Amino acid sequence: MSEQELKALRVRIDNLDEKILQLISDRARCAEEVARVKMASLAEGEQPVFYRPEREAQVLKRVMERNKGPLGNEEMARLFREIMSSCLALENPLKVAYLGPEGTFTQAAAMKHFGHAVISKPMAAIDEVFREVAAGAVNFGVVPVENSTEGAVNHTLDSFLEHDMVICGEVELRIHHHLLVGENTKTDSISRIYSHAQSLAQCRKWLDAHYPNVERVAVSSNAEAAKRVKGEWNSAAIAGDMAAGLYGLTRLAEKIEDRPDNSTRFLMIGNQEVPPTGDDKTSIIVSMSNKPGALHELLVPFHDNGIDLTRIETRPSRSGKWTYVFFIDFVGHHRDPLIKGVLEKISQEAVALKVLGSYPKAVL
Ligand SMILES: C=C(O[C@@H]1C=C(C(=O)O)C=C[C@H]1O)C(=O)O
């Protein structure tokens with residue numbers, strides 16, 4: 001390609017960028033206007049709701065449906081995710097607590113869902129994320145709930161039993177783990193490997209094959225593991241890209257997770273009910289009396305109405321020995337008439353039923 005051609009293309013790009021800049025600014029002004037209208041139409045004492053997850057899901061879906069390439073749908077939606085995040089921050093920047101420290105996959109999930117124009121607050125434990133939301137110190141919290149290799153994150157499920165929270169969104173993240181070391185570590189003399197228990201479990205076979213005799217030490221998060229090995233001799237951490245970059249570690253081995261499709265699902269928790277979008281999921285907690293056929297009774301209404309169950313998890317109820325609660329996720333919104341009927345049926349049989357929230361299915 002000649003210099004001449006390159007020059008002409010760069011002029012075209014500059015002109016397009018100018019148009020994009022203009023359009024994004026017009027869009028941001030619209031968002032400001034939306035904020036003004038929302039404020040003006042408030043009833044006495046009513047708090048404005050700036051963040052609308054159902055609307056954001058609709059915007060992203062529209063973008064994906066209309067996208068004709070060459071950029072992929074996810075790539076294009078990611079760009080619009082950030083534009084919306086910045087527009088919303090003009091109305092009112094969201095405060096989001098997540099399971100920290102900085103560099104965790106939960107932080108990556110928070111950014112994937114809310115974009116980067118939020119005020120984010122790392123918390124030391126899952127329960128603290130719940131408490132921060134309950135105290136009103138932040139608008140939303142982000143917590144991991146299940147991993148495709150290792151199953152449920154029990155701390156999160158148990159926290160739902162203790163706090164009244166509304167789930168307002170979900171996000172899924174592909175989880176790639178790397179074996180990381182700091183500059184002081186001699187790679188042939190690793191005597192200890194730190195990570196979160198879930199991550200150690202997700203790499204169990206790889207560790208058994210490559211480091212069978214090295215001590216595995218579970219710490220509170222894999223970002224914490226990365227932070228530790230930065231200054232330590234002869235130790236390594238298992239963590240992801242964000243933590244590797246943040247703490248400037250070297251990758252001894254990449255993508256060491258046992259299953260290549262290893263993914264984690266995260267939930268956004270808050271106090272805001274989300275209206276239906278037509279493509280939603282609902283999470284409930286149910287406790288049944290301890291009698292034969294109780295689980296069957298619970299599941300029949302879903303089957304009879306053709307409702308797609310996406311997950312069922314059992315946890316000790318904490319209110320009596322050998323009594324259990326069921327965490328159930330299914331497709332649909334609790335305001336849909338069909339779902340309403342099913343929930344009514346279940347509540348006739350159940351000791352307790354709590355709807356944790358209905359929320360748009362993950363778009364990205
Ligand atoms: C502009 C609005 O407010 C926020 C910003 C949005 C956007 O930038 O598209 C979408 C939904 C809200 O989170 C709105 O409610 O439409």
Side-chain angles (χ1 to χ4, degrees), residues 17 19-43 45-68 71-98 106-121 129 132-133 136-143 165-172 266-282 333 335 357-364:
D17 282 350
K19 281 189 193 145
I20 294 171
L21 181 66
Q22 189 63 46
L23 290 171
I24 292 176
S25 302
D26 285 352
R27 191 189 192 286
R29 272 188 285 274
C30 272
E32 277 182 323
E33 206 46 26
V34 168
R36 195 190 54 74
V37 173
K38 283 178 187 172
M39 291 299 288
S41 54
L42 288 181
E46 197 189 346
Q47 287 297 315
V49 178
F50 293 111
Y51 173 60
R52 305 305 307 226
E54 75 285 8
R55 169 72 184 145
E56 297 204 349
Q58 189 187 35
V59 171
L60 293 178
K61 269 205 193 129
R62 235 173 93 94
V63 164
M64 291 170 101
E65 277 161 18
R66 279 153 204 249
N67 178 42
K68 293 196 179 84
L71 288 182
N73 283 353
E74 289 226 346
E75 201 54 37
M76 192 58 104
R78 226 168 38 80
L79 294 173
F80 274 82
R81 163 71 283 155
E82 290 302 332
I83 293 174
M84 272 199 292
S85 181
S86 299
C87 288
L88 177 65
L90 270 181
E91 292 187 47
N92 190 31
L94 287 180
K95 292 197 197 95
V96 178
Y98 64 91
T106 313
Q107 184 184 19
M111 298 302 123
K112 186 174 177 187
H113 187 82
F114 291 108
H116 284 70
V118 295
I119 300 167
S120 60
K121 200 168 170 188
V129 177
E132 199 70 0
V133 178
V138 292
N139 304 96
F140 295 98
V142 185
V143 288
M165 283 290 146
V166 180
I167 301 173
C168 69
E170 62 166 3
V171 69
E172 207 181 294
F266 298 83
L267 294 175
M268 318 297 137
I269 54 172
N271 319 301
Q272 188 179 325
E273 275 238 13
V274 186
T277 66
D279 195 12
D280 304 292
K281 266 164 109 173
T282 297
H333 194 285
R335 288 197 210 153
S358 295
Y359 45 91
K361 264 196 216 167
V363 179
L364 275 176

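From a predicted model like this one, the values you see are computed outputs, not experimental measurements. Start at 1 and go down the list; that is how both ligands and their atoms are numbered.
Interface atoms of ligand 1 facing Glu91, defined by a heavy-atom separation under 4.0 Å, are 1 (C), 2 (C), 3 (O), 4 (C), 5 (C). With ligand atoms numbered from 1 in the order given, ligand 1 contributes 3 (O), 4 (C), 12 (C), 13 (O) to contacts under 4.0 Å with heavy atoms of Phe50. Here is the list of ligand 1 atoms found below 4.0 Å of a heavy atom in Cys87: 8 (O). Under a 4.0 Å criterion applied to the non-hydrogen atoms of Arg27, ligand 1 contributes the atoms 7 (C), 8 (O), 9 (O). Residue Leu88 has at least one heavy-atom neighbour below 4.0 Å for each of these atoms of ligand 1: 4 (C), 13 (O). Listed by number with element, the atoms of ligand 1 under 4.0 Å from a non-hydrogen atom of Lys38 are 2 (C), 3 (O), 14 (C), 15 (O). Atoms of ligand 1 found under 4.0 Å from any heavy atom of Tyr51 (numbered from 1 in listed order, with element): 13 (O).
Under the 30°/60° scheme for interplanar angles, the aromatic rings of Tyr51 and Phe114 are found to be tilted.
Checked against a 6.0 Å centroid threshold, the rings of Phe266 and Tyr98 do not count as neighbours.
At least one N or O atom of Glu56 sits closer than 3.5 Å to an N or O atom of ligand 1.
For the atom pair CZ (Arg52) and CG (Leu88), the distance works out to 11.5 Å, reported to the nearest 0.5 Å. Atoms CD and CG, on Gln47 and Asn271 in that order, are 11.5 Å from each other to the nearest 0.5 Å. The distance from the NZ atom of Lys361 to the OG1 atom of Thr277 is 9.0 Å, given to the nearest 0.5 Å.
Between Glu75 and Arg78, at least one side-chain N (NZ, or NE/NH1/NH2) sits under 4.0 Å from a carboxylate O, which counts as a salt bridge.
Counting heavy atoms closer than 4.0 Å to ligand 1, residue Arg55 contributes side-chain atoms (C-beta onward) but none from N, CA, C or O.
Side-chain atoms of Met268 and Pro53, non-hydrogen and from C-beta on, never get closer than 4.5 Å to each other.
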